[in-house]
Every structure is written in structure tokens, then in C-alpha cells.
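Right, one structure below, let's go through it.
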Amino acid sequence: MAAGKRQMHLGVFVLGTGNHSAGWRWEGATASNASWPVLRQIARIAERGKLDLFFISDGLAMDTGDHPSFVSRFEPTTLIGALSAVTTHIGLGATVSTSFGEPFHVARAFASLDHLSGGRAAWNVVTSSNSAAALNFGKEHPEHDLRYEIAGEFVDVVRGLWDSWEDGAVVADRATGAFLDPGKVHPLNHRGRFFQVKGPLNIQRCPQGHPIIIQAGGSPPGQELSARSADLVFSVVNGDPESAKSAYDGLKQRVIRHDRAPEDLAILPGVMPIIGESESEAKEQLAKLQGWLTPTNALTLVSQRIGHDISGYPLDGPVPDFPQTNRGQAFSRALLDMARRERMTLRDLYNITAAARGHWVLCGTAQKIADVFEEWFTSGMADGFVIMPAYFPGAFDAFVDGVVPRLQHRGLFRHAYSGTMLRDHLGLARPVCPKERKSA
């Protein structure tokens, strides 16, 4: 990582109908996750705020009772390819599953996106926790830990393909007629448990060397994948400093065990800031949003996040002691731990999950939000935050125009981009191709 004062990193998690399940109902809010004008506008707001990253999720199955943005949405790599043409600095992150794809396709797609964007592409590695996705591919849905074993090999193959070209392989020498230096392009010849890939990739080395890798898994296998391979982690926190500090330190220690520096992995918790001119106004905003929730959607979201159908349980009763399931475990653990610690009912959990799908909801003035961010950043609980506006564009404008200037004034966040690539924003060195290292 480049030397200099530690700076906070900020990204935006984009759901065009708003991160709150009912955010699209706010007056003036956008109501589509498959609208080019909507997503282009959000990306431009993010770039105006000098944020590191515009980041969009994906899913490979549709449930009419799910979050509105999950019902209809663009394929993410297509979207960030289009956004690369109408932005200049903001990093562009797209989610692609390792459970239902092929490493060669993913390596080629993100290499192409990195070239098209001038070095701003990021791949969010997910293992697809929704078993319904398998039905769209005619496959069995692997068990949780096996999904991460597949993902580990998948990521290794993708990175190996990105390294199959050295810098300077294209010489295009008109005098000699030599277009390519064949000594700088190498087959991969990978033969593993899950994949056999010959290589090389059929596109030259990326501007960033490797596009940035994002990971969000919070289970032990997910943390291990992050510590070994990721550049940025989108983490789940419930606002409890003690548990956040423990999780932050634990993941940084895992990074060290993989012979990496702790600063090589940025940990950014997801936060939904509800910003008002006063504390009471912010709480009124949240209450209004919560008042629009429908029982069907909220029950579906809670059941998905904790991996158990709660429709047969009394909402005003205690949260049962559910075991872990084959679905994603980070949200389940964070929500159930919070429920036990704060003695919540299922209705309490229902309200929190439906608001931000299990992420941290932080209410208050712009000053208070900046104060909390500063405390978490300087106390070693986070390297920054992924902002999850309840609705767009208003709630995102409130963050960019209210919180960002306060962080800038305190010297915690950039006033201007210092480079053009996402690695520049994150302060990460460009990976050297192993073949070049051996011949140096």
C-alpha cells in the first residue's frame, strides 16, 4: 500500500429502488433498478462525492416477494461497462457468482471492463446462497463450505489467467512485422479439483494488473477467502463496537497469516444512514419508511437473511435459537447475535431486517453520522464504509452534501481523486506478473 496518511474509503451500494425495502415510495425517489437514467445519475452523484466505488449486487433467481430491486435488474457487468463511458474516476464493482459460471468467462469479462474503464473495474465474488438459482442452471446447489472451496479455486484460476500476459507483450513493431512477443504470453495449464483451464487469456494484461476483488462472506470459509484473495471486504455489522472491533482484528490477523500486510485488505461495513436536520427528524424519516413495509415482503426478507421460514412463529415472541443453515451465514449470525444480546422479538428483527436487510441503520444529523464514522475509523473498527442510501437520489445527496464535506474538513477523506484507477483510490500497489518477477 502506498505510504501516507490513512484515509477513509467510501463506496455506495446501489439498489435503484432504494436500499430500504419501501424506499421507492418516498416522494421524488427512483423506482427502478433496471433504468439506465437512474443508475447513471447515482454513479454521477458518487463521483461528485469523490467516493471510491459504485457497487451493484446480483442474483440469479427472482422471487416476487423479495426486495423490489431484486425483482428486475440489469446484468451487472453489462451495466458497469456502460457506466465506464459516462464516468471518469469512480470505481465500478459488479457481482458475479462462482457457483454458476466459468473462470475463463469471468477473467475475460473483468479484464475487458478494466480496459474499457481505464482501470476502474472490481469483481464482487459471491457463492450464491439462494438455492433457487441452481434451478436456472440445471445444477445442484452445493453445500455452504463446498461453495467456498469452489470459489477459492475459481478465484485462483481467474487471477492466474490475468497473469497469463506480462506487460509489454504486444509490441506491434511495424519494421519487423512482429505484433506479439510470444515469450510474454503463457498458458495456465490449471488442473484442479473443480476446473481444468489451459489458457492463456485472449486479452492483454489489465491496466490494474488485476481488477479489484471484493468479498462479503462472513463465515469462517468466507473470511479465509477474503484474507487470502480479496482487496476489499463488504462486511456486516449491527452497530455494536465490541463485536465490530473483534471481527475487524480477527480478519486482519487472517490476512497476516497469508503473508499479506493488514492494509492490503480494506474492511468496509455496510451502513444505511438516515440523515435529518435534527435527530428527531431523522427518526421520523425512518418511522415513515417503516410504516410502508408490507408484512409479506418483510417476512420473506427476514426468512432469507436468517435461513429459516419464520411465518409460523409469533412476531411478538422471542427469536428462536435457530441453527446455521446452508444459506449465507454472515447475516444470520449478525442478526441472531443482535437479537439475543438485545432480547428482541421477531417483530423487532423483522423491522430491522426489512429496513436494510440486516445491515446497520444509523439515524441522526450529518454531524452525528460523521462523528460515528470518525470514531469507528480511528478506533480500528473499519477502514471506511459502504453507504446504503434508503432511497435515491435524495438520501444519497444528503450523504454526499452533508457527511462527506465534514469528513473532508477533518482530513479523513479526499477532496479530489489522486489517480484515475480504483487501485489509486484504495492505495493498493499494482500486482506484478509472477512471470515478470521470475525473469527480473
Side-chain angles (χ1 to χ4, degrees), residues 11-48 51 53-87 90-97 99-101 105-106 109-110 112-113 116-117 120-126 128-130 132-133 135-137 214 216 234 270 272 289 292-294 296-298 300-301 304 354-357 359 386-397:
V12 58
F13 187 76
V14 178
L15 296 178
T17 65
N19 277 275
H20 191 284
S21 301
W24 61 274
R25 297 181 65 178
W26 197 270
E27 185 177 356
T30 58
S32 175
N33 202 42
S35 164
W36 170 242
V38 164
L39 295 164
R40 179 180 58 195
Q41 178 188 31
I42 294 169
R44 286 173 169 169
I45 295 171
E47 197 159 64
R48 174 167 62 81
L51 270 64
L53 180 68
F54 171 108
F55 170 36
I56 194 156
S57 68
D58 194 24
L60 299 171
M62 196 276 280
D63 181 345
T64 57
D66 210 333
H67 188 287
S69 278
F70 299 164
V71 174
S72 173
R73 52 182 162 190
F74 287 127
E75 189 282 316
T77 59
T78 307
L79 173 65
I80 68 170
L83 288 172
S84 71
V86 296
T87 56
I90 187 80
L92 301 167
T95 299
V96 175
S97 172
S99 296
F100 305 111
H105 287 150
V106 171
F110 280 93
S112 299
L113 289 166
L116 289 168
S117 65
R120 296 186 284 132
W123 170 31
N124 179 40
V125 180
V126 299
S128 293
S129 61
N130 189 352
L135 302 177
N136 290 327
F137 294 88
I214 306 169
F234 177 27
M272 178 182 287
L289 288 162
W292 285 326
L293 293 174
T294 66
T296 301
N297 283 4
T300 299
L301 286 166
Q304 287 179 346
R357 304 181 322 286
H359 286 283
V386 174
I387 309 307
M388 306 176 66
Y391 55 92
F392 292 99
F396 192 28
D397 278 327

Look only at the side chain of [X] and the backbone of [Y], and say whether a donor-acceptor pair between them is shorter than 3.5 Å.
X	Y	value
T17	N33	no
R120	L92	no
T30	S32	no
R25	W292	yes
N136	L60	yes
H67	N19	yes
T95	I56	yes

Should the ring pair F55 and F13 be called parallel, tilted or perpendicular, given that the plane angle runs from 0 to 90° and is split at 30 and 60?
perpendicular

Should the ring pair W26 and Y391 be called parallel, tilted or perpendicular, given that the plane angle runs from 0 to 90° and is split at 30 and 60?
parallel

For [X] versus [Y], what's the shortest heavy-atom pair and its separation?
X	Y	answer
V386	V12	CG1-C, 4.3 Å
W24	P68	NE1-CG, 3.6 Å
I42	F392	CD1-CG, 3.6 Å
I45	P393	CD1-CB, 3.7 Å
F100	A133	CE1-CB, 3.8 Å
V71	D66	CG2-O, 4.4 Å

Separation of [Y] [atom2] from [X] [atom1] (nearest 0.5 Å):
X	Y	atom1	atom2	value
L79	L113	CG	CG	10.0 Å
I80	S117	CD1	OG	7.0 Å
L83	E47	CG	CD	10.0 Å
R44	I90	CZ	CD1	13.0 Å

Any heavy-atom pair between the side chains of S57 and F70 that's under 4.5 Å?
yes

Do the non-hydrogen side-chain atoms of L51 and F396 ever get within less than 4.5 Å of each other?
yes

Worked check of side-chain contact (heavy atoms from CB on, under 4.5 Å) between L15 and M388
CA-CA 8 Å; L15 296 178; M388 306 176 66; over 6 Å; no

For F54 and T87, what are the C-alpha separation, side-chain angles and deciding distance, and is it a side-chain contact (heavy atoms from CB on, under 4.5 Å)?
CA-CA 11 Å; F54 171 108; T87 56; over 6 Å; no

For F234 and L53, what are the C-alpha separation, side-chain angles and deciding distance, and is it a side-chain contact (heavy atoms from CB on, under 4.5 Å)?
CA-CA 12 Å; F234 177 27; L53 180 68; over 6 Å; no

